[in-house]
Amino acid sequence: MLKKICTSVSKSYYYTGSTYPLNQRYLSVKIRPSTPTVTKLDEALQLFDEMLHRQPRPSITEFNRLITVMVKMKHYSTGLLLYKQINLMGIDSDLYSMNISINCHCQLNQVSYGFALLATVFKQGHPPDVVTYSTLIYGLILADQVFEAVELFKKLLTEKFCEPNQVMYGTIINGLCKVGHISKALELLRFMEAGSCKPNVEQYNTIIDNLCKDKMVDHALEIFAKMIEKGVLADVITYNSLIQGLCNFGRETEAAKLLVDMEEKGIAPSVRTYTILVNSFCKEGSVKDAEFTVQKMVQRGLDPDVVTYSALVDGYCLRGEVDEAKKVVDRMVERDLVPNIVTYSSLINGYCKKKQIDEARHLFLEIQDKGLIPNLITYNSLLQGLFHTGFLKQKEFQEAKIFLEEMINQGFSPDANTFSLLLHLTPSIRQDSPIRTILQRLAGDKRRDDKMFDSTSGFIS
DNA sequence: GTAGGGTTAG
């Protein structure tokens, strides 16, 4: 990734004809790996400044290229600011720059500003294209306005504002799945199959993955078969979704068959493919099989990543083998991998399982010193440990309450796991204020499950 | 290589 960005930036230098020594730039990124983003942003800004004052003025295309690099680095607000400056310098924007700006607003969860720019696009006399509309549809989905996204999509179709392509269909299919309307998504897939814009592997993948996640693995396998029948080639993501789906329901044997199947078809399993298996074995308690899988992936020339090792750490912790888990962490560090919050949450969970609350508490503080931010899983693990001893010692119980309040203040909404561990407390303890607040909030969340779509309405009226 | 969408971790 780093290399890719560096290449992009240096390529921009090539376009601008700058003679700035590139080696030095690579060096500066290498020497300070902890702050590469800032360095890279600085580089981009410096380049922008230079371009702005160059004579003759670079074309809008060149600015678009540079800002695209920054947007890929997720510097959306900066991208928007730069376009503002470009316009102030009297350089006209084109449809590309408008689309990039709309995307920036959407990513910043400002979809309404995106629509404001749509008006500008019309005013400037460029007709918006399928990219413009896809971006806005995606923006609505990002803002949890899937219903509005579908409405816009329908309008585009019926009024023939633009010809939807695979990306646009894919965006809607994904949005529908995100809010649990898989049958609607399937309906749209069938609509594509019947029409002129045929679905490709990405739309099939979305459906297959969501069916698997929604416990409909067999249905997913049917779609998979149908897809192959239609001549659409499966890719590694298709297999990963199916293998994951099968593993989630204890169907590891079938998952292993798919692994063989994909290799026979010349689709190389990825680190993720193996990690899914490692994780599945760990959850089942067979860390030995998980370790064996790791060995196998290394033999195939794949390097286990943080997720792979974290799964192993979790596997050992689930069995209460914290010492073994710590050895895995050492193995990670030896390979220059940095344990993350998931890794540490597992370790905290492991300590709690062994009732080593002091170690758990200590680790919780230590990782924050390292700059890691605890997440809901971390809090749940710790709370579980503390509540557990809390029955015996008032001190731990008081401490758990403090963590609970801290968790809420950090903006984490309690989930089903929090709920279940609170339910195991005695009724009198549950009356304590932070706990009561959580229970009330959970009760409220359940009521907020409103229906978004009329299940009888089709896509095209 | 000027712009938009898809998958892993308790």
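Lettering follows sequence order; numbering is per chain, from 1. Being a predicted model, the structure only gives us computed values, none of them experimental.
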Between [N] atom [atom2] and [X] atom [atom1], what is the distance in whole Å?
X: A:Ile137; N: B:dG6; atom1: CD1; atom2: P; result: 14 Å
X: A:Ile207; N: B:dG5; atom1: CD1; atom2: C1'; result: 13 Å
X: A:His126; N: B:dA3; atom1: NE2; atom2: C1'; result: 13 Å
X: A:Lys353; N: B:dG10; atom1: NZ; atom2: C1'; result: 9 Å
X: A:Leu142; N: B:dG4; atom1: CG; atom2: P; result: 13 Å
X: A:Glu284; N: B:dG10; atom1: CD; atom2: P; result: 14 Å
X: A:Ile100; N: B:dT2; atom1: CD1; atom2: P; result: 11 Å
X: A:Phe364; N: B:dG10; atom1: CZ; atom2: P; result: 19 Å

* Is the backbone N or O of A:Val333 less than 3.5 Å from a side-chain atom of A:Asp330, with the two atoms forming a donor-acceptor pair by type? -> no
So if I take every side-chain heavy atom of [X] and compare against [options], which nucleotide ends up nearest?
X: A:Asn165; options: B:dG4, B:dT7, B:dG10; value: B:dG4
X: A:Ile377; options: B:dG5, B:dG10, B:dG6; value: B:dG10
X: A:Ile237; options: B:dA3, B:dG4, B:dG6; value: B:dG6
X: A:Asp94; options: B:dT2, B:dG5, B:dG10; value: B:dT2
X: A:Gln244; options: B:dA9, B:dT2, B:dG4; value: B:dA9
X: A:Asp129; options: B:dG5, B:dG4, B:dA3; value: B:dA3

Can you confirm whether the side chains of [X] and [Y] place a donor and an acceptor under 3.5 Å from each other?
X: A:Asp261; Y: A:Tyr239; answer: yes
X: A:Gln384; Y: A:Asn380; answer: no
X: A:Ser381; Y: A:Thr378; answer: no

* **Qualifying salt bridge (charged side-chain N to carboxylate O under 4.0 Å, His left out) pairs with a residue from residues 333-352 of chain A, counting only residues at least two apart or across chains** => none
For a quick test of reading the model: is some side-chain N or O of [X] closer than 4.0 Å to OP1 or OP2 of [N]?
X: A:Lys283; N: B:dA9; result: no
X: A:Tyr138; N: B:dG6; result: yes
X: A:Gln107; N: B:dG5; result: yes

Touch check for [X], heavy atoms < 4.0 angstrom, all strands: base, sugar-phosphate only, or nothing?
X: A:Asn174; answer: sugar-phosphate
X: A:Asn103; answer: sugar-phosphate
X: A:Gln203; answer: base
X: A:Val130; answer: base
X: A:Asp235; answer: base
X: A:Ser134; answer: base
X: A:Asn380; answer: base

* Asked: So do the side chains of A:Met192 and A:Gln203 get within less than 4.5 Å of each other, counting heavy atoms only?
  -> yes
* To do: Can you spot which of A:Asp235, A:Asn200, A:Asn240 makes a side chain to side chain donor-acceptor pair (under 3.5 Å) with A:Asn205?
  => A:Asp235
* To do: Pull out every residue in residues 323-348 of chain A that has a heavy atom closer than 4.0 Å to any atom of DNA chain B, ordered by number, or say none.
  => A:Asn340, A:Val342
* Structure fact -> Within residues 270-282 of chain A, the residues having a heavy atom closer than 4.0 Å to DNA chain B are A:Arg272, A:Asn279
* Proximity of A:Tyr138 and A:Tyr133 rings by center, below 6.0 Å -> no
* **Centroid-centroid under 6.0 Å between A:Phe364 and A:Tyr344 rings** => no
* Check the surroundings of atom CD1 in A:Ile373: do more than 12 heavy atoms from other residues, nucleotides or ligands lie under 6.0 Å from it? => no
* Asked: Can you tell me how far the SG atom of A:Cys106 sits from the CZ atom of A:Phe115, to the nearest 0.5 Å?
  -> 7.5 Å
